[in-house]
Amino acid sequence: MLLVDKARFPRDKPCGGGLTTRAVKQCPVDPTPVVEEEVDVVELRFRYGDAVVRHARAPVILMTQRRRLDAFLLEAARERGVEVREGTTVDPLAIDTDVVVGADGANGTTAKALGLGNGIVHGVAYEGNAAYGTLERRRYERRAVIELADIPGGYGWIFPKAEHANVGVGGWQEAGPALRTHLRRLCEAHGLEPAELSSLRGHRLPLRRPGVRIAGERALLVGDAAGLIDPVSGDGMYECFVSARLATTAILDLLAGRAASLVGYQDAVDGELASLHGASWRLKCALDRWPRASWRLARSALVWRTVERLLLGDFGAPGEQRGIARVPLRALSLLGRS
């Protein structure tokens, strides 16, 4: 197996750096050595005002930095016998190989070269780091802060790390020109000066719509390259690990003669993620179209029951919830469709 990356590791990658517990359960190696903070408190705020704080029964997010996590995963692959070539690129149509896997992220070129991924839409994000001292450590330890309903198609966040907090905003691609203003507003709401942020960077968030092709005869896309990002949270780590697992199964079936092509991989991805992403699209639309009504529902303890279980990996999608906790979920879904 050959793994090619144009970067040399460790390298930074724009990302909030949160590994949900459900993502960790899908990860093929234990990421503990690169975890900097465990989050078991989630603070939801409506337009920098009304807030609700929820305490999870166990950590729901493990905070890391992609510079550390990605280098750790690359080394794990190398230790398992993968040939790794850093600082180089290849033409996926010109190499002699049985299978090509496009795992080159939101700005990769493999999808286009293979004729896959047409129709992926994009969100955008803008983020930086606030060193503790400029930001009060105790206020944010073990806590993920989410600012809702102020940015079209997205939210603001503050995620704690070992020596700093990641501070960012994201939304629809059309919100891009206003993201600096939104980031300034987020900073001001938390007593930060925007000039105090370091490592400022923007990045695209690819979002796959139903039916977008991510597999061909002997090629497929995984993770961000396939647009496999949760539409409402912007989290792609869970989807990355799920799609990698499904890709492995599809490739082994092809090489063993149990399948004639990799086309079945797309159906497998839809089978695991379509319900989750469908619910996320509806929630995203609900927050955009009916922000106050959606907030009243989203802040409820009943909705937190489902969110907590999703983050912990107890549920694959909100539709698996049962009983009275389904009532506000149904209402949010209707708001997203209206």
Would [X] and [Y] show up in the same hydrophobic cluster when neighbours are defined by side-chain heavy atoms closer than 4.5 Å?
X      : Y      : answer
Val232 : Val242 : no
Val29  : Leu19  : yes
Ile146 : Leu310 : no
Val100 : Leu255 : yes
Val169 : Tyr140 : yes

Which atoms form the tightest heavy-atom contact between [X] and [Y], and what is the distance?
X      : Y      : answer
Gly168 : Leu186 : O-CD2, 3.3 Å
Asp230 : Arg22  : OD2-NH2, 3.9 Å
Ala149 : Phe46  : CB-CE1, 3.4 Å
Ala165 : Ile158 : CB-CG2, 3.9 Å
Glu38  : Pro59  : OE1-CG, 3.5 Å

Please determine, by modelled atom types, if [X] and [Y] share a side-chain donor-acceptor pair under 3.5 angstrom.
X      : Y      : result
Glu147 : His190 : yes
Gln321 : Thr306 : yes
Gln26  : Arg245 : yes
Asp104 : Thr110 : yes
Arg185 : Thr181 : no
Arg180 : Tyr126 : yes

Sidechain N-carboxylate O distance under 4.0 Å for [X], [Y]:
X      : Y      : value
Glu193 : Arg184 : no
Arg68  : Glu36  : yes
Arg78  : Glu75  : yes
Arg208 : Asp224 : no
Asp50  : Arg45  : no
Arg201 : Asp12  : yes
Glu163 : Arg137 : no
Glu83  : Arg85  : yes

Exceeds 12 heavy-atom contacts within 6.0 angstrom, atom [atom1] of [X]:
X      : atom1 : answer
Arg322 : CZ    : yes
Ile324 : CD1   : no
Arg292 : CZ    : no
Glu141 : CD    : yes
Lys25  : NZ    : yes

> side-chain contact (heavy atoms from CB on, under 4.5 Å) with His122: which of His203, Arg204, Glu174?
Replying inline: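 Going through the options one by one, the only one that passes is Arg204.
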
First locate atom [atom1] of [X], then atom [atom2] of [Y], and finally report the distance between them rounded to the nearest 0.5 Å.
X      : Y      : atom1 : atom2 : value
Leu148 : Tyr155 : CG    : OH    : 9.0 Å
Leu335 : Cys285 : CG    : SG    : 11.0 Å
Trp290 : Arg296 : CH2   : CZ    : 12.0 Å
Arg282 : Leu287 : CZ    : CG    : 13.5 Å
Ile151 : Asp288 : CD1   : CG    : 11.0 Å
Tyr265 : Leu246 : OH    : CG    : 6.5 Å

> side chain to side chain contact (heavy atoms under 4.5 Å, CB included) between Ser300 and Val303: does it pass, once the steps are laid out?
Replying inline: CA-CA 5 Å; Ser300 71; Val303 168; 3.4 Å; yes

Does a side-chain heavy-atom distance below 4.5 Å link [X] with [Y]?
X      : Y      : answer
Val327 : Leu302 : no
Leu197 : Val167 : yes
Pro328 : Arg299 : no
Pro160 : Arg143 : no
Val42  : Leu44  : yes
Glu308 : Leu312 : yes
Arg218 : Ser261 : no
Pro206 : Ile229 : yes

>> Checking Val101 against Val222 for the side chain to side chain contact (heavy atoms under 4.5 Å, CB included) test, could you report, in this order, the C-alpha distance in whole Å, the side-chain angles of both residues, the deciding distance, and whether it holds?
In response: CA-CA 7 Å; Val101 177; Val222 297; 4.0 Å; yes

>> side chain to side chain contact (heavy atoms under 4.5 Å, CB included) for Leu332 and Leu297? Distances and angles first, verdict last.
In response: CA-CA 7 Å; Leu332 284 168; Leu297 292 165; 3.8 Å; yes

>> If you apply the rule side-chain hydrogen bond (donor to acceptor under 3.5 Å, both in side chains), what do you find for Asn129 with Ser198, and how did you get there?
In response: CA-CA 5 Å; Asn129 296 325; Ser198 63; 4.7 Å; no

>> Is there a salt bridge (Lys or Arg N to Asp or Glu O under 4.0 Å) between Asp314 and Arg57? Walk through the geometry before answering.
In response: CA-CA 13 Å; Asp314 297 339; Arg57 64 180 186 270; 2.5 Å; yes

> Quick one: is the NZ or CZ of Arg209 closer than 6.0 Å to the six-membered ring centre of Trp281, and within 45° of its axis?
Replying inline: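 Relative to the ring axis of Trp281, which defines the angle, Arg209 lies inside both limits.
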
>> Let's go through Leu273 and Glu239 carefully: what are the C-alpha distance in whole Å and the side-chain angles of both, what is the deciding distance for side chain to side chain contact (heavy atoms under 4.5 Å, CB included) to 0.1 Å, and is it a yes or a no?
In response: CA-CA 8 Å; Leu273 298 177; Glu239 285 79 357; 3.8 Å; yes

